[in-house]
Structures are given as structure tokens and as C-alpha cells.
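Position 1 is the first residue of the sequence, and the numbers go up from there.
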Amino acid sequence: MTDTGPHHPATTGPATNPVIPGFHPDPSVCRVGEDYYLACSSFEYHPGVPILHSRDLVHWRQIGNALADLPLPPGTPSSGGVYAPTLRHHDGRFHLITTEVGTGNLLVTAEDPAGPWSAPVRLPDVPGIDPDLAWDEDGTCWCTVAGVAQLRIDPASGKALEEPRPLWSGTRQAPEAPHLYRIGDWWYLLIAEGGTERAHCVSVARSRRPDGPFEPCPDNPLLTHAGSHSPIQNTGHADLVRGPDGSWWAVLLGVRPQGGTPGWHPLGRETYLTPVSWVDEWPVISQVPVELPDLPWELHPWPAEPTREDFDGPLPPQWLSVRDRPADRVTTGQRPGSLTLHARDGHFDDTFTGRRQQHHAVRARTRLDATTGTGGLAVRLDDEHAYTVEADGRRVRVTTHLGGQVTVAAERELPHHDVVLRVETAPAAERGPRTGPDALALGHERPDGAFEVLATLDGRYLTTEVAGGFTGRVIGLYAAEGTAHFDWFELQPLSQGD
């Protein structure tokens with residue numbers, strides 16, 4: 001395994017959900033010895049499928065990306081791309097199977113989850129999305145997909161060994177995210193149902209054989225927050241894992257709606273942890289708590305990640321670009337200690353690169369040298385929903401990109417080429433049924449460091465409740481014209497526990 005650095009000294013104390021905040025949907029987890037590894041969906045972003053590492057199921061750190069060498073095709077739409085991976089460890093290797101929408105399912109393997117990962121093995125005979133892998137005692141590899149259907153495959157070649165057959169379709173709409181497990185004398189088939197919005201839920205069936213027939217649990221759905229007052233909603237897409245003490249737990253996705261009605265979740269779908277117990281050989285998944293119960297094992301936090309990136313080397317694995325990251329347009333090698341972006345056709349997506357927003361209240365800052373072009377700071381939900389603040393050495397402007405319409409919200413003369421651009425998000429100042437989730441202030445800093453706000457914009461338009469899709473906000477940098485050089489980028493939370 002890769003040496004991923006030291007932990008802080010082991011501690012005990014309260015742990016809170018989400019365990020992985022901000023745009024980390026569709027979690028799949030596996031345990032190898034004392035270590036846990038987790039993969040999430042990445043959709044239109046590159047590099048694809050983040051891989052995270054933990055020693056306690058609570059504290060996670062990204063160590064790589066499983067599809068780091070797989071750029072997405074030009075024109076891949078927002079919320080297209082890579083869906084719902086399953087991560088498993090079998091016969092000494094990590095196996096990750098996932099869907100590239102429009103191209104089909106694929107499988108990659110690695111000895112070290114931090115990489116390198118193998119070239120993709122394409123699975124042309126595996127239909128649908130949300131593929132899962134499980135092995136029986138004879139070494140047969142069973143692949144189960146949304147729907148829910150199943151077939152045996154050869155994972156080395158990608159060859160299907162039989163035709164897909166229906167397995168169990170659940171009890172509600174949109175049966176998806178299947179995971180198959182051998183636990184004791186039973187094979188359990190865990191699925192998500194109800195769609196990934198407020199009606200999302202988790203259900204289960206069991207069989208004595210991996211290929212069925214499966215009997216549904218009489219208490220389905222095992223978990224849903226639909227109709228509840230919980231601040232955590234849309235719970236589903238779960239995966240089971242054993243804790244350090246042998247107890248059972250589930251990782252799953254959920255959201256934290258903010259503001260008035262119907263509620264908006266600006267950070268996207270996040271990863272949560274909740275206990276699992278067993279009654280009459282059926283799993284019982286607890287409602288997802290904000291504060292986790294006292295855990296019967298020591299916690300092992302990672303050192304805090306730096307809030308500032310000085311671009312002294314390659315971009316860390318947490319940095320995302322849209323579809324691809326061509327070295328001739330995005331580089332830290334042209335000017336030492338800077339990120340250099342070369343614009344192509346003027347749309348901020350073409351060079352955009354940034355970090356997931358993981359807290360509701362954050363401050364993002366960057367120093368831009370606009371001597372040779374126009375560049376800026378963007379808060380992006382998708383290619384048609386973003387707020388930007390940019391400078392060209394003469395003027396600084398705030399622009400809204402909403403539903404294909406690009407509008408200058410504010411503009412001001414700027415007498416110098418070197419400028420610090422800034423964005424801050426904060427809960428809306430007033431509360432009411434029509435209050436949005438937050439407000440975004442965009443502008444630049446004066447020479448004395450004071451924040452000159454050019455525009456304050458409603459955050460609801462950068463949420464999936466308005467824009468649709470499956471992603472969350474990403475905050476980062478872009479070039480609109482010519483070449484833009486960024487000396488550093490800073491992203492830090494403004495409050496704790498959000």
C-alpha cells in the first residue's frame with residue numbers, strides 16, 4: 001500500500017455527518033486490513049472517480065483518482081460522464097467498475113489504490129449503469145447493474161459469460177445502485193430506490209444463491225428520510241462495511257437542504273455514515289444522525305489539508321477540470337510558482353480548474369496577473385449555471401451564467417494588472433419561505449486588503465433544485481481570453497461545523 005503520510009495521534013470524541021462533505025456522491029467502500037478505501041462519482045469532471053483513504057470510517061483523505069488517465073470526450077454534458085463506481089478488493093488487487101455514460105461500463109484495477117490504475121477494460125456486453133462486482137467461493141465474478149439485472153463476467157477480459165437476466169426490481173421507481181454481498185449463509189442484494197431526490201431510499205433482498213431467487217425484506221425500505229424533519233435528506237445509494245471492531249455500518253449519500261421552501265442543497269450530494277444492526281438475519285439501517293454515536297474505536301484524524309495552493313508543482317488530486325485538462329492550456333510548469341491558463345474560445349469551462357465547495361460558508365481568493373489576458377474566479381455548478389468575477393487589467397466584472405444567458409451584473413475600472421479576486425458565501429441574511437440557501441459576494445480586494453464587493457447574488461441558482469443534474473459546486477480559476485497567470489489560490493471555511 002502507498003505511504004499516505006502520518007495521522008494525528010489517535011483520539012476519541014464525537015464525530016459528525018457528513019463524513020465527506022461537498023459533492024462526494026454515490027460512495028462505495030471496501031476494507032483491507034485496518035484501512036478503508038472509498039470511491040465516488042465524478043460526472044463531467046476530470047480526473048475521474050476520487051479515491052479516499054481512512055483508518056476509522058470518519059476521517060477521509062483523497063489519495064488519487066481511479067480514472068486519472070481517462071479524459072472525457074468533448075461535448076460530454078454536465079451531469080454526464082462517469083457514474084456510480086463500485087470499489088472492491090479481491091485476490092490482492094483493487095477492482096473498480098463504473099459507467100462512462102455514452103460509452104458504456106468499464107473496469108480498472110490497481111495494486112495500490114492511490115494508483116497507478118490499469119488501462120480501462122471495456123465491458124460492451126454489460127448493460128445499464130451502476131455496475132457492481134462480487135465473487136463467490138468458486139471465484140465466479142458476478143456483475144449486477146441498475147434495473148436490477150445480473151450476469152457473470154470475466155473481469156480480466158471484460159467478456160460476458162452469459163446474457164443479462166432480471167434479478168429483483170425492488171418495490172418503487174428507479175431501482176439502482178445494486179450491491180451484492182455474501183454475509184453468513186445469505187447473499188444480500190442492497191439497492192437504492194425512489195430516485196435520488198427527496199424520495200430516495202435503501203431496500204434489500206436476500207437469497208441462498210448469488211443469482212437468486214431473492215426474497216425482499218418485509219420491512220423495506222430499510223432507510224429513507226422522506227417526509228422527515230431531518231436536516232439530512234435524499235438518503236440512499238448505500239454500501240455496507242464492517243467497522244474496526246467488527247460492527248456493521250453503511251456509507252451512503254445525502255444532502256443538506258438550506259433556505260426556505262422547497263430547500264436547496266448547494267454543496268451537492270455528500271457521503272454519510274450510519275450504524276447497521278441485524279434482526280432475524282436482516283440488516284437494519286439506522287436513520288442518519290447529524291452527530292454519530294460514540295464509536296467503539298479510536299479516531300484517527302488526518303492532518304488538516306492546506307487552504308492555500310501556491311502552485312509549486314503538479315495540481316493535487318483534489319483539483320478538478322471539466323472533461324479534460326490539456327497540458328497546453330492548464331499548466332504549473334510555464335511560470336514557476338504560478339498556474340498558467342491559456343484560453344481557447346472564451347467559455348470559462350475550457351480552462352476551468354478548481355476545488356469542491358465543502359462548507360456552506362467559505363472564502364475563495366486568488367492573485368491574478370492579467371497582463372496578457374483575462375482570467376477569473378468562478379463558482380461553478382454546471383456549464384450553464386455559474387457566477388464569475390474576472391479582470392482584464394483594465395476592468396473587473398461580475399458575470400452570471402444562467403440557463404445559457406450570460407449577463408454582466410457589475411463592472412468597475414481597475415487601474416492595474418495585478419489584482420486579488422475574492423468570493424465569499426454565507427447564509428442568507430433574512431429567513432422566510434422564499435429565502436435562498438445562501439448569498440454569494442463577488443469582487444476584489446483593495447490595496448489595504450478590504451473586500452470591495454461588486455455584486456451579491458442569490459445562491460439558489462447554483463443548486464440542482466434549480467439547474468437539475470447530480471453535481472455540487474466547484475470553486476476555481478479560468479482564463480477567458482489570452483493567457484492568465486495565478487500566483488496562488490485560497491479556499492477556506494468561514495465557520496466550523498457546517
Q.
Less than 3.5 Å apart, any donor N or O on the side chain of Arg356 or Gln318 sitting next to an acceptor on the other?
A. no
Q.
For a side-chain hydrogen bond (donor to acceptor under 3.5 Å, both in side chains) check, start with the C-alpha distance between Asp245 and Ser247, then their side-chain angles and the critical distance, and finish with the verdict.
A. CA-CA 6 Å; Asp245 66 336; Ser247 58; 2.6 Å; yes
Q.
Is a donor from one side chain sitting under 3.5 angstrom from an acceptor on the other, for His265 and Gln258?
A. no
Q. Does one side chain, of Arg269 or Thr196, offer a donor that lies under 3.5 Å from an acceptor on the other?
A. yes
Q: Compare every heavy atom of Asn65 with every heavy atom of Trp117, then report the nearest pair and how far apart it is.
A: CD1-O, 4.1 Å
Q: Can you measure from CD (Glu111) to NE2 (His89) and round to the nearest 0.5 angstrom?
A: 9.0 Å
Q.
Quiz question: by atom type and distance under 3.5 Å, do the side chains of Asp56 and Ser54 form a donor-acceptor pair?
A. yes
Q. Do the side-chain N and O atoms of Asp26 and His237 include a donor-acceptor pair separated by under 3.5 angstrom?
A. yes
(Q) Quick check on side chain to side chain donor-acceptor pair (under 3.5 Å): which of Asp382, Asp349, Asp383 does Ser78 satisfy it with? (A) Asp383
Q. What residue among Asp112, Val32, Thr109 forms side chain to side chain contact (heavy atoms under 4.5 Å, CB included) with Phe94?
A. Val32
**Q.** Within the 6.0 Å centroid threshold, strictly below: Trp319 and Phe352
**A.** no
Q.
Side chains of Glu193 and Ser203: any donor to acceptor distance under 3.5 Å?
A. yes
Q | OG1 on Thr353 to CG on Leu339, rounded to 0.5 Å | A | 6.5 Å
Q: For salt bridge (Lys or Arg N to Asp or Glu O under 4.0 Å), just list the numbers for Glu424 and Arg422, CA-CA rounded to whole Å, side-chain angles, deciding distance to a tenth of an Å, and then say yes or no.
A: CA-CA 7 Å; Glu424 291 188 2; Arg422 183 162 157 182; 2.7 Å; yes
Q: Run the numbers on Tyr188 and Glu281 for side chain to side chain contact (heavy atoms under 4.5 Å, CB included), then give the verdict.
A: CA-CA 10 Å; Tyr188 292 90; Glu281 297 184 285; 3.7 Å; yes
Q. Can Ser228 and Gln233 be counted as having a side-chain donor-acceptor contact under 3.5 angstrom?
A. yes
Q) Do you know which two heavy atoms are closest between Gly64 and Pro317, and how far apart they sit? A) CA-CB, 4.0 Å
Q: Answer with yes or no after comparing the ring centroid distance for Tyr45 and Phe23 against a 6.0 Å cut-off, counting only values under it.
A: yes
Q. Is NZ or CZ of Arg206 both nearer than 6.0 Å to the six-membered ring centre of Trp282 and within 45° of the ring axis?
A. yes
Q: For Lys159 and Asp125, run salt bridge (Lys or Arg N to Asp or Glu O under 4.0 Å): C-alpha distance rounded to whole Å, both residues' side-chain angles, the deciding distance at 0.1 Å, then the answer.
A: CA-CA 7 Å; Lys159 181 180 179 180; Asp125 299 320; over 6 Å; no
Q | Considering all heavy atoms, the nearest Arg323-Thr76 contact | A | NH1-O, 2.9 Å
Q: Check the side chains of Asn105 and Thr99 for a donor-acceptor pair under 3.5 angstrom, ignoring hydrogens and angles.
A: yes
Q) With a distance cut-off below 6.0 Å to the six-membered ring centre and an angular limit of 45° from the axis, does Arg208 pair with Trp186 as a cation-pi contact? A) yes
Q) So, Asp239 and Tyr181: side-chain donor and acceptor under 3.5 Å apart, yes or no? A) yes
**Q.** Ring centres under 6.0 angstrom apart (His53, Trp302)
**A.** yes
Q.
Side chains of Thr425 and His360 only: does a donor on one sit below 3.5 Å from an acceptor on the other?
A. no
Q | Non-hydrogen atoms of Leu123 and Gly158 that approach each other most closely | A | CD2-CA, 3.3 Å
(Q) Check for me whether the distance between the ring centres of Trp249 and Tyr272 falls short of 6.0 Å. (A) no
Q. Roughly how far, to the nearest 0.5 Å, is the CG atom of Leu167 from the CD atom of Gln150?
A. 4.5 Å
Q: Compute the ring centroids of Trp135 and Trp142, then answer whether they are less than 6.0 Å apart.
A: no
(Q) Quiz question: by atom type and distance under 3.5 Å, do the side chains of Asn234 and Arg198 form a donor-acceptor pair? (A) yes
Q.
Between Asp35 and Arg55 (salt bridge meaning N to carboxylate O under 4.0 Å), is one present in this structure?
A. yes
(Q) Could you report the tightest heavy-atom contact between Trp488 and Thr366, atom names first, then the distance? (A) O-OG1, 2.6 Å
